[in-house]
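Reviewing the structure listed below.
Just so it is clear: chains get the letters A, B, ... in the order the sequence lines come, proteins before strands, and each one is counted from 1.
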There are 2 protein chains.
Amino acid sequence: MDKFDTAIIHCLRQDARQSVSSIAEQVNLSRSAVAERIKKLEQTGVIRGYQVLLSESQKEGVSAYFEIQHKCPRCADVVHVFHAIPEVITCRGISGDMDLLVYVHAPSMRRLHEIREYIDTHTDIIKIKTHVVMSEWINNLGE
Amino acid sequence: MDKFDTAIIHCLRQDARQSVSSIAEQVNLSRSAVAERIKKLEQTGVIRGYQVLLSESQKEGVSAYFEIQHKCPRCADVVHVFHAIPEVITCRGISGDMDLLVYVHAPSMRRLHEIREYIDTHTDIIKIKTHVVMSEWINNLGE
DNA sequence: GCAAACACCGGCAAAATGACGGAAAAAATG
DNA sequence: CATTTTTTCCGTCATTTTGCCGGTGTTTGC
């Protein structure tokens, strides 16, 4: 992973479908050298694949972030709530006003609302802020 | 968005870097027809772009969320800033006060701070809120 | 010093692409 | 219903890109 690999990955992050030749021009290497490097990056697992980025409206379902504030002495005491929701993808404790940031992907807005209400029933939870995801610009995880 | 478009997108989701010819074979259309359809899907915004999927380079480090507010008429105009940062893992447009929620994983707090300052240099960006991840409770993705 | 391994380059044939005109199908018009 | 218009598709040609190869220079280890 030297500066050339970094540059190549930078190019692919701009547009993963551009030609190897075009990348070679941008990074000032021969086409075959770039092709070799990309193949190696794929084989060693640095590059896990290539994704098409769709507008959020085309995806089935709705994603959202919940910011959660609770009154439990420890986060651990409230996390079981989110374990019980299969749509929860990530749940992390964060610095700032709120305590937790929970990312969910629900099949429908109706279900999303249901999840929100379910969370709300828990007395330990003081405050919820919902942020519906309206567009996805970068996703290096493949969700 | 008929069944052909769906099939094409399905192919691209498998591997966004495969050739148009290969997709044409899989969906039983001529190469030029598929190329036209893809171009149209790009122009109408159904396909927003193509991304390379990277493996988490190192488990060590610091993660954080940046809430971003900007003054660009369209989010797309400001997203290139985050494409330029290899540590960015997700970047999504959200409802609420802020416009974007960016998740990053940096090798060190020093580097995280560097990223924050880099983002701050961009005049289009009005406001940044940083939330350092202090604990991870649920992660259904294997980042 | 001398192989071996590595990364790079350039060249060639094969494959993929972009651009075009024209046929067929679908939609809109009278 | 007939006809125009639009859309979608196909095949072809010139160009670009790709995969594959041998050859060269540089680093690595014995």
Contact class for B:Ser19 (heavy atom, under 4.0 Å): base, sugar-phosphate, or nothing?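 Sugar-phosphate only.
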Once you apply a heavy-atom cut-off of 4.0 Å, does A:Arg31 come out as touching a base, just sugar-phosphate, or nothing? base
Round to a whole Å and report the spacing from [atom1] of [X] to [atom2] of [N].
X: B:Ile23; N: C:dA15; atom1: CD1; atom2: P; value: 18 Å
X: B:Glu42; N: C:dT17; atom1: CD; atom2: P; value: 12 Å
X: B:Asp5; N: D:dT8; atom1: CG; atom2: C1'; value: 11 Å
X: A:Glu36; N: C:dA5; atom1: CD; atom2: P; value: 16 Å
X: B:Ile38; N: D:dT8; atom1: CD1; atom2: C1'; value: 15 Å
X: A:Met1; N: C:dA7; atom1: CE; atom2: C1'; value: 17 Å
X: A:Glu25; N: C:dG10; atom1: CD; atom2: P; value: 13 Å
X: B:Gln43; N: D:dT8; atom1: CD; atom2: C1'; value: 15 Å

Measuring from the side chain of B:Leu29 (C-beta onward, heavy atoms only), which nucleotide among C:dC8, C:dT17, D:dC9 has the closest atom? D:dC9
Which nucleotide in C:dC8, D:dC9, D:dT18 has an atom nearest any side-chain atom of A:Phe4: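 Taking heavy atoms from C-beta onward, the closest nucleotide is C:dC8.
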Can you say whether a donor on the side chain of A:Ser32 sits under 3.5 Å from an acceptor on the base of C:dG10, or the other way round? yes
Does a side-chain N or O of [X] approach OP1 or OP2 of [N] to a distance below 4.0 Å, or not?
X: B:Lys40; N: D:dT8; result: yes
X: B:Ser21; N: C:dA15; result: no
X: A:Lys39; N: D:dG19; result: no

Which of parallel (below 30°), tilted (30 to 60°) and perpendicular (above 60°) describes A:Tyr65 and A:Tyr103? tilted
Are any of the side-chain nitrogens in [X] or [Y] under 4.0 Å away from the carboxylate oxygens of its partner?
X: B:Asp124; Y: B:Lys71; value: no
X: B:Glu114; Y: B:Arg110; value: yes
X: B:Arg37; Y: B:Asp2; value: yes

May I ask you to establish whether B:Arg48 and A:Trp137 are in a cation-pi arrangement, using a distance under 6.0 Å from NZ or CZ to the six-membered ring centre and at most 45° from the ring axis?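 Yes, B:Arg48 sits over the ring of A:Trp137.
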